Amino acid sequence: MKEHGHRILGSIPVDCLLLGAVAVFTCFPYITGLGFYSDDWGVLAAFSSLTDHFFGRLFSEHAHHYFGLFRPGHMLYMALLYKVFGFQPLGYHVVNTAVLSLGSILFYLTLRELGQNRLIALSVGLVFSLLPHFSTTRFWYAASQSNLSLAFYFLSLYSDLRMLKANYSRRWLWKGIGWVSLLGSVLCYETVLPLFLLNPVLVWHRRSQREVASRMDQGQSSTGLPVAPLTSMRLALLLASNLLLLALPVILKTYSNRVPRHFNLAHYFLSFFRLVKDAFVVSYGVYGIKLPQVLWKIEHEYPDALVALLGLILGMVVFLFLRQRVVWGNAEERPAQVSAGSTLLKPKAMLLLIGFGMAVFALGYAMPSAIGLRQTSPTGMFNRMNGAAAIGVALSFVGFVGLFSSCFRKQEVQRNLFCGLIALLFASNIIVNETIASFWVRAYKRQQTILQAIYRSFPQLRPGSIVLLDGVCPYDGPAIVFESYYDLWGALASHYHDLTLRADVLTSELRVGTAGISIFLYRWSDYPYGENVFVYRFDHGMVYPIPNAEAAHHYFKIIRSSWDNYCPPGTPGMGSQIF
């Protein structure tokens, strides 16, 4: 029995090593080419202005403007990364990849603590680690807090589960870690907040399972499952403390400027169901039923032999690992109660996994609906909100694969089919993510070309100057080149060390008036004429001064009329759709 226990414990480090290796190998093709995008530039410009007493000034001057009371953990996380890496993007993306990997490992460990068998727990962890549903958070520094929030969420639940079997001193250690992780998660990003309502139910259910197992094993060989040391009352109080602790971030978010002042419950539920419906189409349609179609399009429109080879090799590794190294059946967990023909893929268990996954998926959109987000995207910036829902997607995807595999009677067929389909899904997600990443890499190269051209044309800019960029496509697929007043201003303000500069990107959504030019993206931005106002036409490599309305009308009627917009259609928050 002792030998068997060592085998169980030994499987966990090996599985964690596999999950960590997956994150490392799959990011190699693109991580060195990623850079800064959109909000990144504005945040970096603000940070660069804090030359002394950095963190004191950060909270006193910039907290309200950028994140306010809504995401203080996000602001602190970004500031810490800036203090370490400055304007070198590689460090940011290495940390983000490590955090995403850690989240997948903690997800796996949490499922094991919940009593899930090794095969299902590892399969869910592998699928979750590469879901393209929230791919933007892999490439965009300003959205990376979503991955940190998820890692903290898993750590909080894992800590509460470990508390069940800990002695008195360790119990409070685990509970303390759970409290800190809870606050860290919801103060970084809000989408996970509703999932914390599930945690007390999961912990209580797991305690009940352990008590039943202990009673069943009395007088039999030990299973290694001690009777829970916590009384029902004490456990209830500890779990209630989580809900009380959630009150602080809920209050902060409620009184932030992101939550509508006039909250209508009926309107909220209507928008919530619409968002879940649209997200379902993306998560289970585009990346579910239509995944073969997505792969076909990638093969014909964005082929990359190295990416296909990487997906094939890692898919084979996963198949062989699941097929050869993971025990098939419950023998690993409860050897005394397993018959020779037992299997993990029981239809009832798979249906429960699918149902629970769907519930988590829906809960993942409760907070986005509350703050007014109305759409999601398979590849664009808006898919950053899908992180919490992706937990449910991973659970239900594995449940669907298990349910389908369980339809076959022969255990060997079930085994090969399940492992093969998980490996195929894993390899497909690699190819999809690598394809999306290629657009972000290309967009950053395009940014650098544009910025270097602007720097050459403007060796110096006087304070208060306005630079309007023209002749540039704002998106390269889902990735942002330059689209707004915020990103271009941030890049120029950082380079010239002058926050008084203003900049924007000319689009079709503009008005040329008698007093100035107005450009719309999310809101109208007004730029009055003056001696320090310039249009930089990138495709011409020319600078056009716009001191007055006459010069503006001349530029837009004579010069810009030759600009035929060959850019593919793009939508703010989504970019240009590729799937």
Side-chain angles (χ1 to χ4, degrees), residues 69-71 73-74 103 106-107 110-111 114 128 131 133-134 137 143 145-161 178-179 181-205 239-256 258-260 263-280 282-283 354-376 382-396:
L69 299 175
F70 199 59
R71 297 174 190 156
H74 178 194
L106 288 169
F107 191 9
T110 300
L111 290 173
L114 282 169
F128 175 80
L131 281 178
H133 300 61
F134 57 115
T137 66
Q145 84 286 350
S146 173
N147 298 327
L148 182 63
S149 176
L150 289 173
F152 274 134
Y153 169 74
F154 292 130
L155 180 58
S156 179
L157 178 54
Y158 177 74
S159 300
D160 281 351
L161 291 167
W179 283 331
S181 302
L182 182 152
L183 286 176
S185 180
V186 295
L187 293 179
C188 281
Y189 206 51
E190 62 280 356
T191 56
V192 296
L193 198 153
L195 301 189
F196 279 101
L197 301 179
L198 290 176
N199 289 10
V201 178
L202 294 173
V203 174
W204 193 276
H205 177 68
L239 295 178
S241 69
N242 286 4
L243 302 180
L244 291 175
L245 203 60
L246 281 176
L248 173 61
V250 167
I251 292 172
L252 291 177
K253 293 177 185 295
T254 300
Y255 286 95
S256 71
R258 296 292 297 274
V259 177
F263 187 81
N264 185 294
L265 190 61
H267 178 72
Y268 166 75
F269 278 111
L270 180 62
S271 63
F272 169 70
F273 287 123
R274 285 176 177 172
L275 181 58
V276 171
K277 180 194 70 173
D278 293 341
F280 186 89
V282 170
S283 296
I354 293 170
F356 183 73
M358 292 285 193
V360 172
F361 168 78
L363 274 179
Y365 295 102
M367 280 303 295
S369 295
I371 62 176
L373 295 178
R374 298 290 180 265
Q375 55 187 333
T376 185
F382 278 144
N383 84 1
R384 68 189 185 274
M385 77 171 75
N386 296 341
I391 299 172
V393 172
L395 293 168
S396 57

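Note that this is a predicted model, so its numbers are computed, not measured.
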- prompt: Ignoring hydrogens and geometry, is there a side-chain-to-backbone donor-acceptor pair from S396 to I354 under 3.5 Å?
  reply: no
A366 backbone acceptor or donor facing Y268 side chain under 3.5 Å: yes
message: Would N386 and T376 count as a side chain to side chain donor-acceptor pair (under 3.5 Å) here? Give the steps.
response: CA-CA 8 Å; N386 296 341; T376 185; 3.1 Å; yes
field: Considering all heavy atoms, the nearest A388-V360 contact
entry: O-CG1, 4.1 Å
query: If we only count heavy atoms from C-beta on, is the Y158 to S181 side-chain gap below 4.5 Å?
result: no
- request: Give, for atom CG of L111 and atom CG of L395, the distance between the pair rounded to the nearest 0.5 Å.
  value: 6.0 Å
task: Kindly determine whether L243 and L197 satisfy side-chain contact (heavy atoms from CB on, under 4.5 Å), including the steps that lead there.
output: CA-CA 7 Å; L243 302 180; L197 301 179; 3.9 Å; yes
field: salt bridge (Lys or Arg N to Asp or Glu O under 4.0 Å): pairs with one or both residues in residues 151-161, sequence neighbours excluded
entry: D160-K175
query: What's the spacing between W179 CH2 and L245 CG if we round to 0.5 Å?
result: 8.0 Å
query: Hey, is the main chain of F280 close enough, under 3.5 Å, to the side chain of S283 for a donor-acceptor pair?
result: no
- request: Let me see the working for L182 and F152 under side-chain contact (heavy atoms from CB on, under 4.5 Å), right down to the final yes or no.
  value: CA-CA 7 Å; L182 182 152; F152 274 134; over 6 Å; no
Identify all side-chain donor-acceptor contacts of residues 272-279 below 3.5 Å with residues at least two apart in sequence or on another chain.
none

- request: Provide the closest heavy-atom pair for L193 versus M367 in the form atom of the first, atom of the second, distance.
  value: CB-CG, 4.2 Å
query: Is the F107 ring parallel, tilted or perpendicular to the F154 ring (thresholds 30°, 60°)?
result: parallel
field: Spacing of CG belonging to L150 relative to OG1 belonging to T137, to within rounding of 0.5 Å
entry: 8.0 Å
- prompt: Should H74 and Y189 be marked as a side-chain contact (heavy atoms from CB on, under 4.5 Å) after you check the CA-CA gap, both sets of side-chain angles, and the distance that decides it?
  reply: CA-CA 7 Å; H74 178 194; Y189 206 51; 5.8 Å; no
message: Quick check: closest heavy atoms across C188 and L148, and the distance to 0.1 Å?
response: SG-CD2, 3.7 Å
- request: Given side-chain contact (heavy atoms from CB on, under 4.5 Å), test L161 with L202 step by step and report yes or no.
  value: CA-CA 9 Å; L161 291 167; L202 294 173; 5.6 Å; no
task: State, to 0.1 Å, how close P368 and M385 come at their nearest heavy-atom pair, and which atoms those are.
output: CB-SD, 3.9 Å
- prompt: Short question: side chain of S159, backbone of L155 - any donor-acceptor pair under 3.5 Å?
  reply: yes
- prompt: Looking at L131 and A390, what are the two nearest heavy atoms and their distance?
  reply: CD1-O, 3.5 Å
